[in-house]
Amino acid sequence: MSQLYLIALLLLAVIAANVVKPFIPRVPDALVLIAVGGFFTFIPVFRDFSLNPEFFLFLIIAPLMFQEGQGISFATMKKHFNAIFQLSVLLALFVVAVVAFLTDQIQSAWPLTLAIALAAIVVPTDAVAVKSMTTGLKMPKGLNQSLELESLFNDATGIVLLDLALSVYQQGSFDLVSAIGHFVVVALGGLIVGALASGLIVALRLYLSFHASSAQATTIPLNILTPFAIYLLAEHFHLSGILAVVAAGIVHNYEQSRLQLIATESRVVSGTIWQTLTTLLNGIVFVILGLSLPKILKLIGDFGFQKSLGLFWLAVLIYGAMYVARFLWVSFQKQERLVGFFGHYQTKDRAKRAQIFGIAGVHGAVTLALAMSLPNTVNGKPLPFQNEILLVATLVILISLVAATIVLPRLLDKEEQAYSEKELNQAPTAMIDAAIIKTEQRIPDHAIKTAIVQTLQTQKLTVGSPKRGQHEQASLALLTKISDQLQAHLDDMIAEGYDQDIIERYSRFLQRGLLTPAPSRHPLVRINQRLHHYQHEFAWHWKTKTFTKGQRLRYQEELMAHNPKVAAIVAQWKDGRQAMLKLNEDVQQLADQLLSQALKEELEAEENTDNVAEVRQLLERFFRIVAHDYQRQSVSVKTADYIQAFADEYSYLSTQLAAGQVKAAVANELYTEINQAQTLLLMEQGEGEEE
C-alpha cells in the first residue's frame, strides 16, 4: 500500500508544479518540478527516499523512450542515419573520453574505470528538458532536430559504456576487441529484438482491430504495455532495453503512417493517453531529482566542506569540458550532410549553433537513473567512491539545468507570435456565432435549435470574457430591448383580434418574468417564498389525504363528478391553458428571431456577443416557467444536425481565411478545436445510442 501512496503523491507533486508554474512563467518546468520535489521531502512517506534504478528505467524511462521513438519516422531515420550515428555514438565516445581523462587527472585516487563510469553516466542528454526551457524562444529547426536525435540514442551509449566500465573494473583487465564486440552485440541486439518484437505486436494489433469484439479495449492497452514488455524481453537476453523500446517506437510510427485513417478513433484515444502519460512521467523524473536532494545534502555533510567543494568544482569542470567538447565537435564538422543541422562551415551561423548545441546538452532522467544504479558491492567488496560519483553526477545535472536556463534566452531570439491573444479570442467567438445564426435559420424546432446552440456555446469556455460590469450592462440593455419588442408584438396581436384576456395575462408574465426576473430579487425573499409554497402545498396534501399521484387523480375525479361548478372551471382553465401554451410558442419563435438578429448585428460590429448568450438563457428560463416545464426534458438531436453545425463553423472559417480576415495560424488552431469537439460529440452520441 505504501508504494501506491508513493505513486499517488508523485502524481500529486507533478500536479502541484503545474499549478504553481503559471505564477513563475520565466522559470523552466524542470526547476519548478525539482523545487516541488524538494518541498515534498517534508512528507513522512518521502523521508529517506531511495530509488530502485531498475524500477526507474523500466517504469519511467522505457515508456518515455518508446514515445520519443514513435515521434521519429522510418524515413527520418534512413535519411539521418549518418548524423544519428555521429551524434549518439561518435560524439558520445568523444565526450566520454574527454570527461574520463579530466576526471582521472583531477581524482588520481580513482581507478580509471570509475572515471569512465562517471563519464558514461553524464553523457546522456535530455531533449525534453531543453524544450521546456526554450518555450517562447526561437530554436533553429535543424539544431532542435539534432538534439532530439542525439537524445534518442545516446542514452543507450551511456548505459552500454557504464556496463562495460563496471565489467572491466570487476575483471581487472581490458580487451579492446572484446569491448567493441560487447558494445555492438548489446546495442545492435537491442535494436533487432525491439524491431522484431514490435513487428509481432503490430501484427497482433492489426488482427485484433478487425476481429476482436471490442477493438479499442484490446489494442489500446496492448499499445500501452508494449514498451514494458519489450524492455523486459531485451534485458532478459542481456541486451539494451532502452534501444529496444526506441526501435519499437519507430516500428509503431511506421505502422501508423501506413494505416492512416484505419482505426482512427483508437489512434486518437491512444495518442491522447500517451501524451498525458509522457507529460506525467517527465514531471515525475524531476520530482524524483528534487526528492533526492536531502540525500545529496547528507552526502555533502558526510564529506565535509573541503571535499564537497572539491567535488563541486569537479562537476563544474566536467560540465565545462562537455560544453567545450560539444562546441568543438560542431565547429569543426565539415560534412555536407550536417549542414541542415549546424549550418555552413566557418560561418557566424555555425559558431552560434555550436554555442547553442553546447549549452543545450542538458542532463536529466537517464543520468540520474544511471548514477543511482551503481552497485553497492563488486566482487564482494564495497564499490569505492560510489557516493562521490553520485554527488558529482547530480551536481552536473543541476549545473546543466541552471546554465541552460540562464544562457539559452541570451543566445536565442524570442519566438514571434503567429497571432495575438485578442485575435485568438475574437476568431472563435465570431465563428461560433456565425454557426449559431445558421442553425437558427435552418432549424424550425425550438427545442432542437436550443440544444445545438447550447452545445456550440460550450466552445466559448476558453474565450476571454469582458469586465463583469460592462457585461451585465450590455445584457440588461439587450434584455430590455427584446422585452419591449415582444411587448409591442403582444399589443399588435390584441389589435388583430386575439383573446385580450390571454394576451393581458401573458403580458403580465412578461413584465414580471423578464423585466424583474426572480434572480434579481433578494435571496431572503426567494427563500421565504419557497418556504411559503412548501407550507401551503403540505397543508393541502394533509387536508385532502393525497400523497401519491394515484390518490391525487382519484380526488380530482371525485371532486369534478360531485361538483359541476368545479368541472366547468377546470374545463375553461384547460381551454385557456392551451391558448396560453400556443401564445407562448409564438412569442418564443419571435424571440429566437430577435436574438438571431441581435447576434448578427453584434457580430458584424465585431462586438462581444456573450450578452446574447446570457439573454438567451434568461428567455429560455422564462418560456419554460410560462409552460410550467420546470424540468428540462432531454432533446433528441440527430447526429447530422450537429455535423451540419460544425460544417457551418468550417465554412465560416474557410471564408474568413480566404478573405484574409483570419490568420492561417489562428485558423489551424480553430480547425483542430472543431475536429476535437466534433470527435468528442460523435463519441458521446454513439454511446448515447448504444444505451
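Here the structure is a predicted model, which is why all the values come from computation and not from measurement.
A distance-only check finds a donor-acceptor pair linking the side chain of His252 to the backbone of Ala248 [under 3.5 Å]. Asn668 places a side-chain N or O within 3.5 Å of a backbone atom of Ala664 that can act as its donor or acceptor partner. Judged by distance alone, with hydrogens and angles left aside, the side-chain atoms of Asp413 form no donor-acceptor pair with the main-chain N or O of Leu137 at under 3.5 Å.
Between Thr439 atom OG1 and Gln441 atom CD the span is 9.0 Å, to the nearest 0.5 Å. Taking CG from Leu456 and CG from Asp648, the interatomic distance works out to 8.5 Å, rounded to the nearest 0.5 Å. Separating the CE atom in Met431 from the OG1 atom in Thr655 is a distance of 13.0 Å, to the nearest 0.5 Å. The CE atom of Met65 sits 14.0 Å away from the CD1 atom of Ile60 when rounded to the nearest 0.5 Å. In this structure, Gln597 CD and Asp592 CG are separated by 13.5 Å, a value rounded to the nearest 0.5 Å. Interatomic distance, Leu581 CG to Gln588 CD, rounded to the nearest 0.5 Å: 10.5 Å.
When all heavy atoms of Pro227 and Val245 are compared, the pair lying nearest together is O-CG1, 3.3 Å. Annotation for Pro428 and Leu670: closest pair CB-CD2, 3.6 Å, computed over non-hydrogen atoms. When all heavy atoms of Val32 and Ala17 are compared, the closest pair comes out as CG1-O, 3.8 Å. The two residues Met139 and Val130 have their closest heavy-atom pair at CE-CG1, 4.2 Å. Nearest heavy-atom pair across Val36 and Ala16 is CG1-CB, 4.3 Å. Considering every non-hydrogen atom in both Ser151 and Ala127, the closest pair reads OG-N, 3.4 Å.
In this structure, Arg205 and Ile201 have side chains that are in contact, with non-hydrogen atoms separated by less than 4.5 Å. Proximity of Leu486 to Leu490: side-chain heavy atoms (C-beta onward) are nowhere separated by under 4.5 Å. No side-chain heavy atom of Ser596 sits under 4.5 Å from any side-chain heavy atom of Ile436. Put simply, the side chain of Ser651 does not reach to within 4.5 Å of the side chain of Phe646, judged on heavy atoms. The shortest distance between side-chain heavy atoms of Asp484 and Lys481 does not fall below 4.5 Å. Contact check for Ile273 versus Asn223: no side-chain heavy atoms found under the 4.5 Å cut-off.
Neither side chain, Glu620 nor Gln617, offers a donor N or O lying under 3.5 Å from an acceptor on the other.
Aromatic ring centroids of Phe66 and Phe228 lie 6.0 Å or more apart.
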Could you list the donor-acceptor pairs under 3.5 angstrom formed between side-chain atoms of residues 276-287 and any protein atom two or more places apart in sequence or on another chain?
| unit_1 | atom_1 | unit_2 | atom_2 | d |
| --- | --- | --- | --- | --- |
| Thr276 | OG1 | Thr272 | O | 3.0 |
| Thr278 | OG1 | Trp274 | O | 2.8 |
| Thr278 | OG1 | Gln275 | O | 3.1 |
| Thr279 | OG1 | Gln275 | O | 2.8 |
| Asn282 | ND2 | Thr278 | O | 3.0 |

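Considering only residues two or more places apart in sequence or on other chains, Lys600 meets the side-chain hydrogen bond (donor to acceptor under 3.5 Å, both in side chains) condition with none of them.
In this structure, Glu440 pairs ionically with Arg616, as a charged nitrogen and a carboxylate oxygen lie closer than 4.0 Å.
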Problem - side chain to side chain donor-acceptor pair (under 3.5 Å) assessment of Gln589 paired with Glu585 - result: CA-CA 6 Å; Gln589 293 293 335; Glu585 291 179 2; over 6 Å; no
Problem - Worked verdict on Gln145 versus Glu148 for side chain to side chain donor-acceptor pair (under 3.5 Å) - result: CA-CA 5 Å; Gln145 188 179 26; Glu148 291 177 354; over 6 Å; no
Exercise for the section: Quick one: do Phe623 and Val587 satisfy side-chain contact (heavy atoms from CB on, under 4.5 Å)? Show the steps, please. Expected result: CA-CA 9 Å; Phe623 293 132; Val587 176; 3.8 Å; yes
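Residue pairs meeting the salt bridge (charged side-chain N to carboxylate O under 4.0 Å, His left out) criterion with at least one member in residues 8-23, sequence neighbours excluded, are Lys21-Asp29.
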